[in-house]
Amino acid sequence: MFALVDCNNFYASCERVFRPDLVGKPVVVLSNNDGCVIARSNEAKKLNIPMGAPAFKYEPLFQKNKVHVFSANFALYGDMSHRMMTILSDFCADMEIYSIDEAFLKLSPLQDVSLHEKGCQIRDKATQWTGIPVSIGIAPTKALAKVANHIAKKYPEETKGVYVIDQDEKRIKALKWLSIDKVWGIGRQHTKRLNAMNIKTAYDFTQLSDTWIKKHLSIVGQRLKNELMGIPTLDLEKLNIKKTIATTRSFDENYTSIEPLKERVSTFAVSCAEKLRKQHSCCNSLMVFIHTNGHRPDLPQYSRNMLIKLPYPTNSGIELTQFAIQALSLIFKTGYHYKKAGVIVMDFTPADNVQQTLFQHRNERHIPLMQTIDMLNQLYGQQKIRLASQDTKRVWKMKQEKLSPRYTTKLSDIITIHI
DNA sequence: TCTGGGGTCCTAGGACCC
DNA sequence: TCTGGGGTCCTAGGACCC
């Protein structure tokens, strides 16, 4: 059986762990730049604040309802996630970390307790040890575990946050209850098409013919149907090596010249290189993109990307920066207000198994240099060592007006308790 | 004034090979 | 009159997830 453990309103719950005074009150967390709402407590959801709501448009509603607003604090969320996953892995080594706030556990047959009791044990320990409430769905397939999780979340009173689908009647009842757009793997486009055919629930979906599903939703849809029918088709995926890595940001203001863009792109390339080294990969291709603000149709729009094949695989921040700046220079045009840029690296090879080429290869001396930079940055704080092309004067700032302390990852931010 | 960031997988079609 | 058959690799685009 698969158990899906999902943290409730994860980012909002993280903010509450060290602010117990906020329990029962509406809390929202904003995206980078304090742009839009990316997490909401149940109380905030009840105020009809949608996911992705632009913060500036909802400011009056926040004020009126005393909504507690936070800037995204990914240092905190990442650390809390790590704590959660560590606790879950104690219960079950056979685990897939599916996202920052979700994990699938593969439960082996239990002797002493029922599945439901097991789920309750996991829920209690996870919540007590991290302070974050979780919901758990247990079922014979991953897609059905997702369905069970939905039920646990939707009916916290009745289920106490744990729901098990272990009989066919329960499976069918659940599928008839779940509307098609809530099914894992069915997004907006598929919903539109299915609704047009009068397919409204997950159950309706399982009644479609294999041929139709395969033709219109490809093999992915076929797998989903199997899973919903209770036929295990998807297994845990444990390989955690990424296939693409990106660092992209919107800017607080618009840039019209290439200089500030060069600085941003350098910083993004350095960040990609760091992430590459963390997973011991080198990349063979790099893409840079820039674009104007799509929400301003009154301004001239421009959007381009440039993908370059590197002459040799590398994870050196210096080399990637050089290539990224080259790419940027090729696509930059004056006369536009740039709002966003990014660097994406792809086409990886293992760092310890790099194929050399005859004429050009990476600067080997960068390897120990990057190790030293990584070490210093880890010791003295992120980006302590930077390239000269980066923002050495710390001019660039993300809008983060409501940032909470880094309670768990910064010594000076640890809370003091007065007794 | 102000609207996020980071991923995965699949398919069709073109270019190429013998 | 009539013009084969069987592959691989790559890319862009579309769908999805959190």
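Since this is a predicted model, take the numbers as computed values, not measurements. Lettering of chains follows the sequences in order, A, B, ..., and the numbering in each one begins at 1.
A:L239 places its CG atom 10 Å from the P atom of B:dC9, with the value rounded to the nearest Å. Rounded to whole Å, atom C1' of B:dT3 lies 13 Å from atom CG of A:N254. What separates CG of A:D347 from C1' of B:dT8 is a distance of 16 Å, to the nearest Å. Remark: P of B:dT1 and CG of A:D298 are 10 Å apart, rounded to the nearest angstrom.
The side-chain tip of A:R264 points at the ring of A:W396 from less than 6.0 angstrom away and within 45° of straight on.
An OP1 or OP2 oxygen of B:dT1 is reached within less than 4.0 angstrom by no side-chain nitrogen or oxygen of A:K399. The shortest distance between the side-chain N/O atoms of A:T244 and the OP1/OP2 oxygens of B:dG6 is not below 4.0 Å. Contact annotation: A:S250 side-chain N/O to B:dG5 OP1/OP2 distance is under 4.0 Å. Contact annotation: A:T248 reaches the phosphate of B:dG6 (side-chain N/O to OP1 or OP2, under 4.0 Å). At least one side-chain nitrogen or oxygen of A:K340 sits closer than 4.0 Å to the OP1 or OP2 atom of B:dG5. Contact annotation: A:K243 reaches the phosphate of B:dC9 (side-chain N/O to OP1 or OP2, under 4.0 Å). A close approach under 4.0 Å does not occur between any side-chain nitrogen or oxygen of A:R223 and OP1 or OP2 of B:dC9.
No contact: A:I344 has no heavy atom under 4.0 Å from any strand. A:V29 comes within 4.0 angstrom of nothing in the nucleic acid, heavy atoms only. Within 4.0 Å (heavy atoms only), A:K339 reaches sugar-phosphate atoms of the nucleic acid but no base atom. At the heavy-atom level, A:D252 lies nowhere under 4.0 Å from the strands shown. A:K146 comes within 4.0 angstrom of the backbone, heavy atoms only, and of no base. Using a 4.0 Å heavy-atom cutoff across all strands shown, A:R193 reaches no nucleic acid atom at all. A:E102 comes within 4.0 angstrom of the backbone, heavy atoms only, and of no base. As judged by a 4.0 angstrom heavy-atom cut-off over every strand, A:I186 is placed among residues touching the sugar-phosphate backbone only. Heavy atoms of A:N32 sit under 4.0 angstrom from primed sugar atoms or phosphate atoms, though from no base atom.
Closest to the side chain of A:R249, out of B:dG6, C:dC17, C:dA15, is B:dG6. Closest approach to the A:F56 side chain among B:dC2, B:dG7, C:dC18 is made by B:dC2 (side chain taken as heavy atoms from C-beta onward). For A:K57, taking side-chain heavy atoms from C-beta onward, the closest of the listed nucleotides C:dC18, B:dT3, B:dG4 is B:dT3. Of the candidates B:dT1, B:dG6, B:dG4, the closest approach to any side-chain atom of A:R296 belongs to B:dT1. Comparing B:dG4, B:dT8, B:dT11 against the side chain of A:K242 picks out B:dT8 as the nearest. Residue A:I219 has its side chain nearest to B:dT11 when only B:dT11, C:dC17, B:dC2 are considered.
Side-chain contact between A:H337 and A:R296: absent, with no pair of heavy atoms (C-beta onward) separated by less than 4.5 Å.
There is no side-chain donor-acceptor pair under 3.5 Å between A:Q322 and A:Q326.
Proximity of the aromatic rings of A:Y163 and A:W177 is defined here by a centroid distance below 6.0 angstrom, and this criterion is not met. Aromatic ring centres of A:F70 and A:Y11: separated by at least 6.0 Å.
If you take atom P in C:dC18 and the same atom in B:dT3, they sit 25 Å apart, rounded to whole Å.
The aromatic rings of A:H291 and A:F289 lie parallel to each other, their planes meeting at an angle below 30°, with 60° marking the opposite boundary.
Between A:D34 and A:K402, none of the side-chain N atoms (NZ, or NE/NH1/NH2) sits under 4.0 Å from a carboxylate O, so this pair counts as no salt bridge.
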